[in-house]
Visitor: 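Sharing a structure with you now.
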Amino acid sequence: MDTYSTEDRYFQAFNEFIALTKDKLIINSYSVKQLNDLPGNINCITYTVDGDDIVTAKNIHISSEGSRFDYYRNGYGVIEGLKFSFPGRHCVEGCLPAITVALDLGVSAARIAAALATFPGIHRRYDVHLDTPTAVYIDNNAHHPVQVSSILSTVREVYPGREIVAVFEPFHWTQLRHHASGFAKSLSLADMVYLLPVTSSREVPLPGIGSHLIRTDIGTRCELLSSRDEFIRVLSEMPKCPDVLVSIVDGPASCFAKSIKLCLLSKYN
């Protein structure tokens, strides 16, 4: 929203991009509901997880070792027992268009399965820095309410019954102005949330806009902090490690993640 300024312009940009398609469009069925004027002269292949679309995934199993699922496509059949190296239903959903494109380009099911199972991932997309029976630390670069919800839902599924603590740093003031209530709803999936200030260097601060807007609507325990350093101090003063800690902050964040890990290791050991 910091780029397009309004939701209408945001969706207009997608419609203009789709209008350039000449043959085939592979699109999430949820996106179809959000957009207007899809071209009628192209082959539209919709996909979603556990749905009735042309492409879907079923028999999904999520664990700390990754995701396992079956790929279904009308007119093609099934590829069973696919394994993806990262956990999350959102990850499985992201695999569906990639598999579809690969099949249409003539890539064999065996090569697709091998590629998914060995995919090395993307920096700061579910980076597991610590995973022990009593302390887990995961870093993620999610910067939209839907992405925050996806990561916390995945953590909840991978570590059922364990307390989840999230530290969240909003990326931009305009984004926070548009999505404060959405962030509050997504972050409520955690048991405890620490909110950091916006640190964007791309924008001028907006009057009245800040992390306190999230706190107003959040449905879980929440504390406002003044900086990353203050969070490290709070973490160091905790009597024991958080059961599962998830940092969702703006980059660059490697030093912050390293500081968190060192603090946790000092407590764990």
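All residue numbers in this chain count up from 1 along the given sequence.
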Visitor: Provide the closest heavy-atom pair for Ser67 versus Ile62 in the form atom of the first, atom of the second, distance.
Guide: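 Of all heavy-atom pairs spanning Ser67 and Ile62, the closest is OG-CD1, 3.4 Å.
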Visitor: Quick one: pull up CG in Leu224 and OG in Ser211 and give me the separation to the nearest 0.5 Å.
Guide: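 Answer for the CG-OG pair, Leu224 versus Ser211, is 6.5 Å.
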Visitor: With a 3.5 Å distance limit and no angle check, can you tell me whether Glu157 reaches the backbone of Ser153 through a side-chain donor-acceptor pair?
Guide: no
Visitor: Cluster question for you: counting only ILVMFWY and a side-chain heavy-atom cut-off of under 4.5 Å, with indirect links fine, are Met238 and Leu130 together?
Guide: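 Yes; Leu130 is reachable from Met238 via cluster members.
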Visitor: Is there a donor-acceptor pair under 3.5 Å between the side chain of Ser186 and the backbone N or O of Pro145?
Guide: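 The answer is yes, because a donor-acceptor pair under 3.5 Å joins these two groups.
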Visitor: Please check: side-chain N/O of Ser149 versus main-chain N/O of Val146, any donor-acceptor pairing under 3.5 Å?
Guide: no
Visitor: Mind checking whether Val158 and Ser63 have side chains closer than 4.5 Å, heavy atoms only?
Guide: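 Answer no - side chains too far apart.
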Visitor: Search all heavy atoms of Ile214 against all heavy atoms of Ala180 and return the closest pair with its distance.
Guide: CG1-O, 4.0 Å
Visitor: Would you call Glu169-Arg228 a salt bridge at under 4.0 Å N-O?
Guide: yes
Visitor: Looking at Asp191 and Arg162, is there a salt bridge between them, counting it only when a charged N and a carboxylate O are closer than 4.0 Å?
Guide: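 No salt bridge links Arg162 with Asp191.
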Visitor: Does the pair Glu80/Arg68 count as a salt bridge with the N-to-O cut at 4.0 Å?
Guide: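 Here Glu80 does not pair with Arg68 in a salt bridge, since their nearest N and O are not under 4.0 Å apart.
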Visitor: After noting the C-alpha distance and the side-chain angles of Asn141 and Phe171, does the key distance pass the side-chain contact (heavy atoms from CB on, under 4.5 Å) rule?
Guide: CA-CA 10 Å; Asn141 195 34; Phe171 280 29; 3.3 Å; yes
Visitor: Under the 3.5 angstrom rule, does the side chain of Ser85 hit a backbone N or O of Thr118 as a donor-acceptor pair?
Guide: no
Visitor: Taking the six-membered ring for Trp and the full ring for Phe, Tyr or His, determine whether the centres of Phe84 and Phe119 are under 6.0 Å apart.
Guide: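 Close enough - the centres of the two rings lie under 6.0 Å apart.
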Visitor: Which value, rounded to the nearest 0.5 Å, describes the distance between Leu245 atom CG and His129 atom NE2?
Guide: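 One finds 10.5 Å between CG of Leu245 and NE2 of His129.
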Visitor: Run the side-chain contact (heavy atoms from CB on, under 4.5 Å) check on Phe168 and Phe183 step by step: do they pass?
Guide: CA-CA 9 Å; Phe168 178 68; Phe183 282 127; 3.5 Å; yes
Visitor: Look at the side-chain heavy atoms of Ile, Leu, Val, Met, Phe, Trp and Tyr, link any pair under 4.5 Å apart, and say whether Leu152 and Val128 land in one connected group.
Guide: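 In one cluster with Leu152: Val128, yes.
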Visitor: May I ask whether Ile45 and Tyr30 are part of the same hydrophobic cluster, defined by side-chain heavy atoms of I, L, V, M, F, W, Y residues being less than 4.5 angstrom apart, directly or through others?
Guide: no
Visitor: Taking Asn43 for the side chain and Lys24 for the main chain, is one N or O donor matched with an acceptor at less than 3.5 Å?
Guide: no
Visitor: So, the side chain of Gln175 versus the backbone of His143: is there a donor-acceptor pair under 3.5 Å, distance only?
Guide: yes
Visitor: Working note: Val167 + Val193, criterion side-chain contact (heavy atoms from CB on, under 4.5 Å); need CA distance, chi angles, decisive distance, verdict.
Guide: CA-CA 6 Å; Val167 52; Val193 177; over 6 Å; no
Visitor: May I ask you to establish whether Lys58 and Tyr72 are in a cation-pi arrangement, using a distance under 6.0 Å from NZ or CZ to the six-membered ring centre and at most 45° from the ring axis?
Guide: yes
Visitor: Is there a donor-acceptor pair closer than 3.5 Å between any side-chain N or O of Arg89 and the backbone N or O of Val49?
Guide: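 The answer is no, because no donor-acceptor pair under 3.5 Å joins these two groups.
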Visitor: For the backbone of Asn59 and the side chain of Asp70, can you confirm whether one donor and one acceptor N or O come within less than 3.5 Å of each other?
Guide: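 The answer is no, because no donor-acceptor pair under 3.5 Å joins these two groups.
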Visitor: First locate atom SG of Cys44, then atom CD1 of Ile27, and finally report the distance between them rounded to the nearest 0.5 Å.
Guide: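 It is 6.0 Å, given to the nearest 0.5 Å.
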Visitor: Drop me the distance from Ile26's CD1 to Asp104's CG, to the nearest 0.5 angstrom.
Guide: 6.0 Å
Visitor: I'd like to know if the side chain of Glu16 reaches the main chain of Ala13, judged simply by a donor and an acceptor atom lying under 3.5 Å from each other, with no hydrogens or angles considered.
Guide: no
Visitor: If the threshold is 4.0 Å, N to carboxylate O, is there a salt bridge linking Lys258 and Asp139?
Guide: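 A salt bridge is absent here (no side-chain N lies under 4.0 Å from a carboxylate O).
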Visitor: Using the rule given for side-chain contact (heavy atoms from CB on, under 4.5 Å), can you reason through Thr21 versus Asp23, listing the C-alpha separation, both sets of side-chain angles and the distance that settles it, and then say yes or no?
Guide: CA-CA 6 Å; Thr21 304; Asp23 179 30; 5.7 Å; no
Visitor: Can you tell me how far apart CG (Leu235) and SG (Cys241) are? Round to the nearest 0.5 Å.
Guide: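 Output value for this atom pair is 7.5 Å.
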Visitor: For residues Leu262 and Ile232: do they belong to one hydrophobic cluster (side chain heavy atoms under 4.5 Å, members Ile, Leu, Val, Met, Phe, Trp, Tyr)?
Guide: no
Visitor: Applying the 4.5 Å side-chain criterion to the ILVMFWY set and letting contacts propagate, would Val101 and Val92 be lumped into a single cluster?
Guide: yes
Visitor: Check whether Thr216 reaches the backbone of His212 with its side chain - one donor and one acceptor, N or O, closer than 3.5 Å.
Guide: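 Side chain of Thr216 to backbone of His212: a pair is present.
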Visitor: How long is the span from the CG atom in Asp229 to the OG atom in Ser259, to the nearest 0.5 Å?
Guide: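 So the gap between those two atoms works out to 8.0 Å.
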Visitor: Is the closest basic N to carboxylate O distance between Glu237 and Arg233 below 4.0 Å?
Guide: yes
Visitor: Whether the Tyr71 and Thr56 side chains hold a donor-acceptor pair (N or O, under 3.5 Å, no angle test) is what I'd like checked.
Guide: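 Result is no, nothing qualifies.
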Visitor: So, are Arg215 and Glu223 salt-bridged, with charged N and O less than 4.0 Å apart?
Guide: no
Visitor: Identify whether the distance between the nearest side-chain nitrogen and carboxylate oxygen of Asp127 and Lys261 falls below 4.0 Å.
Guide: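 Looking at Asp127 and Lys261, the cut-off is not met.
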Visitor: Is the Tyr126 to Phe86 ring centre distance short of 6.0 Å?
Guide: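 Aromatic pair excluded; centres sit 6.0 Å or further apart.
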